[in-house]
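Below is one structure, written out as structure tokens, with a few remarks after it.
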Amino acid sequence: GYVRWTQWVFLKLFERGLAFQAKIPVNWCPALGTVLANEEVIDGRSERGNHPVVRQPLRQWQLRITEYADRLAADLEALDWPESKQKQLEWIGRSEGAEVDFPLVGRPESLTVYTTRPDTLYGATYMVIAPDHRLTPLITTPVHHAEVEAYALAASRKSDMDRTALNRQKTGVFTGAFAKNPLSGASIPIYTADYVLGAYGTGAIMAVPAHDERDFEFAQTFSIPMIEVVSADGTLHDVVEKPFTGDGVAVRSGPFDGMPSATMRSNVIAHLVEQGIGKKKVNYKLRDWVFSRQRYWGEPIPVYFPVETAGDPRRGAPHTIDYSRPIAMNDSELPLLLPELDDYLPGDPQGPLVRALDWRFFERDGKWFARETNTMPQWAGSCWYYLRFLDPGNTERIFDQKAYDDWMPVDLYVGGAEHTVLHLLYARFWHKVLYDAGVVKHPEPFQKLVHQGMMLGQSFRFYAVLGDDGAVTRALDGDDPGVVHDREMGRYFIDATQEQVEPRFLAASGVAFDGGTPRHPEYGVKLVAIAEKMSKSRGNVVNPDHIVEEFGADSLRVYEMFMGPLDQVKPWQTSGIQGVRRFLDRLYTVSKKPLTDALDETTTRQLHRTVKKVTEDVDAMRFNTAISTMMIFTNHLVGLDAAPKEAVEKLALCLSPFGPHLAEEIWADLGHSTPISLADWPSYDERWCVDDTVEIAVQVNGKVRGTVALARDASADAARDAALRDENVQKFVADKSIRKVVYVPGRILNLIVG
RNA sequence: GCCGAAGUGGCGGAAUGGCAGACGCGGCGGAUUCAAAAUCCGCUUCUCGAAAGAGAGUGUCGGUUCAAGUCCGACCUUCGGUACCA
């Protein structure tokens, strides 16, 4: 059913013009017969097998997510999302600016640029056009043709990795062409350089070296003049030592001189509009989403194309497929399932389904058609699973309206931060499309978002000392022989000679590690446990199945929540789970004691406080402190001869979300016939949560010198008198006079003496 | 470089501006045991002290306050994200 409804959603996108085809350059590896991701290509060859890779345009389906960019950005506002809100905003990358036409010198056309800084227009001393821009070959003068062509070719071969390599040096070549600065009238040279991206904005920029880092670097390399047109303080500076990228006051800008940058921006745009050479423009970094995959596994795209043929293409008759006229399948024809294939290997730029001739071609009303052989990416399913999961067995509709009303929107989404910009953005996009199509009632699917922290694995590292100042590190398997535990330092050590330590792990660092002194100053090696991302290569992966086997599922659950705050990165320590297991065992032992209906006052107070704290902590998702509170109460119950029934009952209820199995068992032992998971959350009485007498700290000049037990509402005078009866406090007050008494009832008493 | 988060014992981590280190791990001592495992009890930030207690202490430097891990300013370090988006 899932495939069917995923295809159904795709048809919604298709109907609304949000799914379209385009030729997109991809890394095609003929030897492997597959499209490679950028990371899989190194120096023009495949990472796997080192085969040649060519960059060639390939027909792909794309989803027009850019159409929704504005709404995707704007609707974030109302959501209870943490830091990831900012990340999505940056990913969408909305910017406001202007498009400006620069007339070409000696040619009829003009070169249009996008800029967010129209206020720096007078400072534009050159222009850059992307190497793959449509106009690049046209404006290049004959003398420069060979050079520009070579540069453009080299640029197109660079993988994205090369482009973004650290320490990139600005490169580029002069095209021989000039344009006119529309405001200053100056004639300025046009370069082509790969620091300008063809796919963003208009693929060309006006360069203002005095006020832009990148332009500044480029201008320095090519000795291009820099003109200051924005001044921080309004005074003129003749030499530009580094670009000033902030806002200021316009200078050397003709009629705009003296204007604050923001004012000038709107004035310049108004002026350009008036002249008919520019307009206001909003741009996004977000690109349309390539939705095709040339592989077998994936939902088939429910689209087919007309075929020109004289015979039966399934029998190898010559044919032409007209990809420009995609036809959507009918709802009633869904699902379109994958055919059986003898092998699922790639081999054709349009995917392995090309080989499924009987599946691919069909005849209808005497005409032949060919199905789309690209499939959908894994994202397709993850984009809307939360909707199908409402009503997964429904064969009639995508989901039942009642199920939707019961559950949607999602109150809380707990997921990894790595999904912020892809999965969560794609899902929001699909949801909005379904909203526009009237399928869902809410414009946003996920109200609150919390990222759980990653669980890190434990690895061991050698720290060795060479002479006085060299430290050495090498990853070490915890089972390495020769590891000894140093009780004095509470650390593990291993003896090693200098020769045993590989020189390539040398790193400069001080001798003192973690404040400890190495045992052998000359070649002592110290082993320290560190936390790293779990990975096979590091050998620090913890398999939850093994943990469950050894300690039980409850122990694992409780431990994971006990380790620390939900949203923080946490290092796994197998020894830590032992403590949690002990806690659960103790609680079980308590529940097996003879039960009593009696409840002494101390226990009553503790019980109500425990329920209160756990309730509040669960609401705030502070699971670690909720568990520690239950531990404290359990430890108290361990000390009692008989187990107070009410206390055990409520404690089991508190535990049930954390350790459901044990909670159910205790609950059943207490004589309940319905499961604890259906029971109400326990209540507490606020009156038992406040003390009548409190012990507060007594400070003298801000330093704690004793404690004193007081009635909760004791007066300041009473508090001071009680404090002065304390011997140690007296010692510090002694012959001095009390100048001031700071008394916060129930908290602190601070005597200022002098 | 930019954006974000975080720096507290041997370790994971607690602390509405009010006794820093709850709870757990590890460690030490004890009980139990023929012995061990398991379990139970006590101690466990560092320095000095037999103890009572004193001094120091939450990345660094400075500030606000009777009082700062917490608030403010500057800086350092680590982790995560991002990468020429004009």
Side-chain angles (χ1 to χ4, degrees), chain A residues 82-84 86-87 89-91 93-95 97 113-117 120 128 160 163-166 168 170 193-197 199-202 204-208 211-215 217-218 283-287 417-418 420-421 451 453-454 456 458 485-491 514-516 528-529 531 533 559 562-565 567-580 582-583 585-586 589 622 624-625 627-632 635 638-639 695-707 727-728 731 739-744 746-752:
Chain A
E83 340 79 67
S84 44
Q86 193 55 32
K87 279 188 195 160
L89 275 177
E90 280 168 18
W91 190 262
R94 183 182 198 274
S95 71
V113 303
Y114 173 70
T115 179
T116 54
R117 295 294 303 272
T120 62
V128 182
D160 287 3
R163 270 175 210 272
T164 61
L166 293 165
R168 58 212 148 209
K170 293 276 178 296
D194 63 4
Y195 82 90
V196 169
L197 309 173
Y200 181 78
T202 63
I205 62 158
M206 65 174 207
V208 186
H211 303 289
D212 182 278
E213 303 269 2
R214 298 149 300 183
D215 298 346
E217 274 175 47
F218 188 87
N283 257 333
Y284 301 93
K285 289 189 200 175
L286 187 69
R287 310 284 165 81
E418 69 275 15
T420 304
V421 289
H451 296 312
M454 204 189 341
L456 300 179
Q458 193 171 52
H485 185 241
D486 184 321
R487 290 191 167 173
E488 198 184 307
M489 299 188 57
R491 287 190 171 289
D514 295 351
V528 176
K533 203 166 167 173
Y559 176 58
F562 180 62
M563 288 170 82
D567 56 357
Q568 247 170 55
V569 169
K570 286 157 295 217
W572 176 271
Q573 284 177 305
T574 300
S575 61
I577 199 171
Q578 195 67 251
V580 164
R582 275 201 276 267
F583 153 61
D585 284 346
R586 267 204 301 277
T589 314
R622 290 185 301 248
N624 54 330
T625 49
I627 291 164
S628 92
T629 304
M630 289 187 275
M631 284 174 168
I632 294 168
N635 288 345
V638 165
E695 188 171 276
I696 67 166
V698 179
Q699 300 183 332
V700 179
N701 285 348
K703 288 204 177 254
V704 178
R705 299 301 180 186
T707 57
E727 226 173 86
N728 202 46
K731 209 167 76 190
R739 307 196 158 189
K740 188 174 171 187
V741 176
V742 178
Y743 175 57
V744 182
R747 295 244 169 252
I748 198 113
L749 175 69
N750 191 2
L751 305 174
I752 312 303

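Convention: sequence-line order gives letters A, B, ...; per-chain numbering from 1. On a predicted model such as this, the values are computed, not experimentally measured, just so you know.
If you check B/A15 for Watson-Crick or wobble pairing at under 3.5 angstrom, you find it has no partner at all. Across all strands shown, B/A68 has no partner, as no Watson-Crick or G-U wobble contact with both distances under 3.5 Å is found. Searching all strands for a Watson-Crick or G-U wobble partner of B/G26 with both distances below 3.5 Å returns B/U44. Pairing partner, B/A20: none, since no Watson-Crick or wobble contact has both distances short of 3.5 Å. With a cut-off of 3.5 Å on both Watson-Crick or G-U wobble distances, the partner of B/C79 is given as B/G4. Taking a pair to require two hydrogen-bonding distances under 3.5 Å in either a Watson-Crick or a G-U wobble arrangement, B/A31 pairs with B/U39. With a cut-off of 3.5 Å on both Watson-Crick or G-U wobble distances, the partner of B/A52 is given as none. Searching all strands for a Watson-Crick or G-U wobble partner of B/U58 with both distances below 3.5 Å returns nothing.
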What's the verdict on side-chain contact (heavy atoms from CB on, under 4.5 Å) for A/Q573 and A/Y559, showing C-alpha distance, side-chain angles and the deciding distance?
CA-CA 10 Å; A/Q573 284 177 305; A/Y559 176 58; 3.7 Å; yes

Stepwise, does the side-chain contact (heavy atoms from CB on, under 4.5 Å) test hold for A/D215 with A/I205?
CA-CA 10 Å; A/D215 298 346; A/I205 62 158; 3.6 Å; yes

Applying side-chain contact (heavy atoms from CB on, under 4.5 Å), run through A/W91 and A/T420 and close with a yes or a no.
CA-CA 10 Å; A/W91 190 262; A/T420 304; over 6 Å; no

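Among the atoms of the strands shown, none is found under 4.0 Å from any heavy atom of A/V113. Heavy atoms of A/E90 sit under 4.0 angstrom from primed sugar atoms or phosphate atoms, though from no base atom. Residue contacts for A/I205: at a heavy-atom cut-off of 4.0 Å it reaches a base atom on one of the strands shown. Among the heavy atoms of the strands, none lies under 4.0 Å from A/D585.
Whole-Å rounding puts the A/K285 NZ to B/U82 C1' distance at 8 Å. In this structure, CG of A/L456 is placed 16 Å from P of B/A6, rounded to the nearest angstrom.
The side chain of A/T625 approaches B/A14 more closely than any other nucleotide in the set B/G13, B/G18, B/A14. For A/K731, whose side chain is taken as the heavy atoms from C-beta onward, the closest listed nucleotide among B/G53, B/C66, B/G13 is B/G53. In this structure, of B/G12, B/A86, B/C19, it is B/C19 that holds the atom nearest to the side chain of A/E695. Comparing B/A86, B/C23, B/C19 by their nearest atom to the side chain of A/T707 picks out B/C19. With B/C84, B/G12, B/C66 as the choices, the nucleotide that has an atom nearest any side-chain atom of A/Q573 turns out to be B/G12. The side chain of A/F562 approaches B/G24 more closely than any other nucleotide in the set B/G13, B/G24, B/C84. Set against B/G24, B/A86, B/G13, the side chain of A/Y114 has B/A86 as its closest nucleotide.
Taking atom C1' in both B/A22 and B/U82, the straight-line distance is 39 Å, to the nearest Å. Nucleotides B/A52 and B/C48 have their C1' atoms positioned 14 Å apart, rounded to a whole Å. Between the C1' atoms of B/C19 and B/C66, the separation comes to 16 Å (whole Å). Remark: the separation of the P atoms in B/A15 and B/C23 is 13 Å, to the nearest Å. Only the P atoms considered, B/G57 is 10 Å distant from B/C61, to the nearest whole Å. Between B/U77 and B/A86, the distance separating the two P atoms is 29 Å to the nearest Å. Look at the P atom in both B/G21 and B/A54: the space between them is 15 Å, to the nearest Å. One P atom belongs to B/A38, the other to B/C25, and the distance between them is 12 Å to the nearest Å.
For the OP1/OP2 pair of B/A86 and a distance below 4.0 Å, the side-chain nitrogens and oxygens of A/Y200 include at least one atom meeting the criterion. Distances shorter than 4.0 Å separate some side-chain N or O of A/R582 from OP1 or OP2 on B/U39. Remark: A/K703 is in phosphate contact with B/A56, judged by side-chain N or O atoms under 4.0 Å from OP1 or OP2. An OP1 or OP2 oxygen of B/C19 is reached within less than 4.0 angstrom by no side-chain nitrogen or oxygen of A/N750. When the side-chain nitrogen and oxygen atoms of A/R705 are compared with OP1 and OP2 of B/A54, one or more of them lie within a distance under 4.0 Å. Here A/R622 does not reach the OP1 or OP2 of B/G13: none of its side-chain N or O atoms lies under 4.0 Å away. An OP1 or OP2 oxygen of B/G53 is reached within less than 4.0 angstrom by no side-chain nitrogen or oxygen of A/N728. The side chain of A/S95 places an N or O atom within less than 4.0 Å of a non-bridging phosphate oxygen (OP1 or OP2) of B/A86.
Nearest heavy-atom pair across A/Y200 and A/Y284 is CE1-O, 3.3 Å.
At least one side-chain heavy atom of A/M206 sits less than 4.5 Å from a side-chain heavy atom of A/T120. Side-chain contact between A/Y195 and A/E217: absent, with no pair of heavy atoms (C-beta onward) separated by less than 4.5 Å.
Classification of B/G29 as anti follows from a glycosidic angle more than 90° from 0.
The residue among A/G746 and A/Q86 whose nearest nucleotide of RNA chain B lies closer to the 5′ end is A/Q86. Each of A/N701 and A/G579 lies near RNA chain B, and the nucleotide nearest A/G579 is the one positioned closer to the 5' end.
Between the side chain of A/N283 and the main chain of A/S95, no donor-acceptor pair closer than 3.5 Å is present.
Judged by the 6.0 Å and 45° rule, A/K170 forms no cation-pi pair with A/F218.
Not a single donor-acceptor contact under 3.5 angstrom links the side-chain atoms of A/K87 to the base of B/C3.
For A/N701, the side chain to side chain contact (heavy atoms under 4.5 Å, CB included) partners at least two apart in sequence or on another chain are A/I752, A/V753.
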